[in-house]
Colleague: 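Please see the structure below; I have some questions.
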There are 2 protein chains.
Amino acid sequence: MSPPAGALPPDSTARRDREGPSTADRILDAALVSFGSRGYEATSLDSLAEGLGMRKQSILYWFPSKEALLEALIDRSAAELAQALQGALDRAGDGWARVEAVVRSVFRVAAQRPELLGLLREVGRLGPPAATRLTLVLEPLVARASAFLESEMESGHMRRHDPRLLLLAIYSTVVGMVTEVEVLRALGEEPTARSLVRRRQEILRLLRSALVLERGEGQPATRSADPRDSWDQE
Amino acid sequence: MSPPAGALPPDSTARRDREGPSTADRILDAALVSFGSRGYEATSLDSLAEGLGMRKQSILYWFPSKEALLEALIDRSAAELAQALQGALDRAGDGWARVEAVVRSVFRVAAQRPELLGLLREVGRLGPPAATRLTLVLEPLVARASAFLESEMESGHMRRHDPRLLLLAIYSTVVGMVTEVEVLRALGEEPTARSLVRRRQEILRLLRSALVLERGEGQPATRSADPRDSWDQE
DNA sequence: GGAACCACCTACCAGATGGTAGACGAGGCG
DNA sequence: CGCCTCGTCTACCATCTGGTAGGTGGTTCC
């Protein structure tokens, strides 16, 4: 492994042969959890190191500074997120099924790595130095999504909206439904795995009735009654 | 003015006779801006004081600790928010008009005091000690909103949803559309006042088509074409 | 005039923060 | 063996953090 320079070597994400994840990856994992839930500023290198059973200086050996750690984390997380979305998109069908596939993949991420979406928010809040880095990686996906929505509207399958604002609305809703634990709690809903499934169902129904133009437009738009409403064994 | 105890005297929000806002209010204003945009942990009392042209100790004179300042700020902000929403609700009509009134009032707040919604998010992220305080004040409004949505669904004016999850979705969307400046920028939309109006229009159309059950359910659900699409002169 | 109070100040402090310098042991390799 | 690199450590450090102690000038009230 090569500690120098903020940019990690290409195999930094890979598992080492027979032994668990590399030190750099373990640090990134811990940083993801802490940055994504408690926040960047509220996380000290000392507390991070303590949770890892090492000294702060070891973290600074792998990542020359706290900011460099954040950048590396953003890079890795953006790649992971992009991959999840890409995969879902490549396997998805057409029209509404594509939207559904994306939403499902985001919820799958939320179930497996809840902090990843938290980090997304955090980075958005931290602004330019960090945010632009994230944007750079996710931009192609945004463009793809935007183009897709536009074509769906053009062909009359979806209601007309400003594609970018629609995208922002979908983003906000989905990420909010997943990350706003406190609001959830205030609403008397416990943030359990079961609740997450219900939230996904709800948001899909909501989006569907908001977006999809049924041919007759008169259908009752009932709940999907889709039996495969769990991602556990997808 | 009475500095002792975290609870400010009842006139702390009021303007003093002929001279600007009270010192305590000026501090709260600065705290709102900084907490709401940069975040609570990332804001130091020193930087806050510097922006106010005073010493940190003067802040600690009015608010015994940083946490007490946050609590006082939450109380004031919650009251302000609750008042805005209450007012909008009391003046609003029935059915969809009520939803529209609430959304409009939130956007009005966003235009006049952008950081207030940022603080809302921040408090949600900070969790229990602070979040419960906010919840306490806003809870009656949530109950009112929830009951309203439920009755609308009962009477067949709105699509059936879990009222609380629907509320969370609406909250996330509206607050996200207002506070996610970085995402906005990533989407190529500059966070101007004009853009804010467009976002409000878009979200209202979106919500309307998602929620409202037209009698025939077949109407084109066109854009509202409502001429009073600016809040500048209500 | 003087006591009391008010709003703000200077002078500190203990602890935490991100970061540097340098040593140490383990292992690879000529 | 001797040398070097790697990963981690101990020992510091300057700076900043929230917070305490104790003043100081001005106004109010008796």
Side-chain angles (χ1 to χ4, degrees), chain A residues 1-9 11-12 14-31 34-35 38-73 126 129-130, chain B residues 1-9 11-12 14-31 34-35 38-73 126 129-130:
Chain A
M1 297 286 306
S2 83
L8 277 292
D11 63 348
S12 73
R15 312 263 147 172
R16 331 307 306 293
D17 16 304
R18 288 296 162 203
E19 7 154 357
S22 75
T23 304
D25 271 320
R26 286 181 51 231
I27 296 173
L28 287 173
D29 286 339
S34 198
F35 289 177
R38 308 194 22 187
Y40 174 72
E41 283 103 349
T43 300
S44 76
L45 292 185
D46 276 310
S47 68
L48 219 50
E50 191 185 345
L52 284 163
M54 61 174 70
R55 303 286 157 219
K56 156 178 62 176
Q57 284 69 20
S58 303
I59 296 181
L60 288 168
Y61 168 76
W62 291 100
F63 306 92
S65 72
K66 191 185 180 185
E67 197 179 339
L69 170 59
L70 175 64
E71 289 176 4
L73 177 60
L126 288 173
Chain B
M1 297 284 307
S2 83
L8 275 295
D11 62 348
S12 73
R15 312 265 148 171
R16 332 305 305 295
D17 16 303
R18 286 297 160 202
E19 6 153 359
S22 76
T23 304
D25 272 321
R26 284 181 52 230
I27 295 174
L28 286 173
D29 287 338
S34 199
F35 290 177
R38 307 195 24 187
Y40 175 71
E41 283 104 348
T43 300
S44 76
L45 294 184
D46 277 310
S47 69
L48 218 50
E50 190 185 344
L52 284 162
M54 60 176 68
R55 303 286 155 218
K56 156 179 61 175
Q57 284 68 20
S58 302
I59 297 182
L60 287 168
Y61 168 76
W62 291 100
F63 306 92
S65 71
K66 192 186 179 185
E67 197 179 338
L69 170 59
L70 175 63
E71 289 175 4
L73 178 60
L126 288 174

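Proteins come first, then strands; the chains are lettered A, B, ... in the order of their sequence lines, and each starts at number 1.
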Colleague: What nucleotide among D:dC9, C:dG18, C:dC9 has an atom nearest to a side-chain atom of A:M54?
Modeller: D:dC9
Colleague: Examine the base of C:dG19 for any acceptor or donor lying under 3.5 Å from a partner atom in the side chain of A:K56, and report the outcome as yes or no.
Modeller: yes
Colleague: Could you check how far CD of B:E67 sits from P of D:dG19, rounded to whole Å?
Modeller: 8 Å
Colleague: Closest to the B:S58 side chain: D:dT17, C:dA7, C:dC9?
Modeller: C:dC9
Colleague: Distance check, rounded to the nearest 0.5 Å: B:F63 atom CZ versus B:L73 atom CG?
Modeller: 8.5 Å
Colleague: Which comes earlier along DNA chain C counting from the 5' end, the contact point of A:Q57 or that of B:R55, where each point is its nearest nucleotide?
Modeller: B:R55
Colleague: Send over the distance from A:F63 CZ to C:dG18 P, rounded to a whole Å.
Modeller: 15 Å
Colleague: May I ask you to verify if any side-chain N or O of A:S44 is less than 4.0 angstrom from the OP1 or OP2 atom of C:dT17?
Modeller: yes
Colleague: Check A:L48 against A:A30 and note the closest heavy-atom contact, atom names and distance.
Modeller: CD1-O, 3.8 Å
Colleague: Is A:Q57 atom CD crowded by more than 12 heavy atoms from other residues, nucleotides or ligands, each under 6.0 Å away?
Modeller: yes
Colleague: Report the distance from atom CG of A:L69 to atom P of C:dT17, rounded to the nearest whole Å.
Modeller: 15 Å
Colleague: From the list C:dT20, D:dG19, D:dT8, which nucleotide is the closest neighbour of the side chain of B:L60?
Modeller: D:dG19
Colleague: Side chain of A:W62 only, please: which of C:dA11, D:dC9, D:dT8 is the nearest?
Modeller: D:dT8
Colleague: Quick one: closest heavy-atom pair of A:I27 and A:S58, and the distance?
Modeller: CD1-O, 4.4 Å
Colleague: Separation of A:Y61 atom OH from C:dA23 atom C1', in whole Å?
Modeller: 15 Å
Colleague: Could you check how far NZ of A:K66 sits from P of D:dC16, rounded to whole Å?
Modeller: 15 Å
Colleague: Could you state the CG-P distance from A:L70 to C:dG18, rounded to the nearest angstrom?
Modeller: 12 Å
Colleague: Would you mind classifying the nucleic acid contact of B:S47 as base, sugar-phosphate or nothing, using non-hydrogen atoms under 4.0 angstrom?
Modeller: nothing
Colleague: Quick one: is B:T23 getting a side-chain N or O under 4.0 Å of the C:dA7 phosphate, OP1 or OP2?
Modeller: no
Colleague: Between B:K66 (side chain only) and B:T43 (backbone N and O only), is there a donor and an acceptor less than 3.5 Å apart?
Modeller: yes
Colleague: Rounded to whole angstroms, how far apart are CG on B:L45 and P on C:dC8?
Modeller: 15 Å
Colleague: Roughly, in whole Å, what's the span from CD in A:E50 to C1' in D:dC9?
Modeller: 16 Å
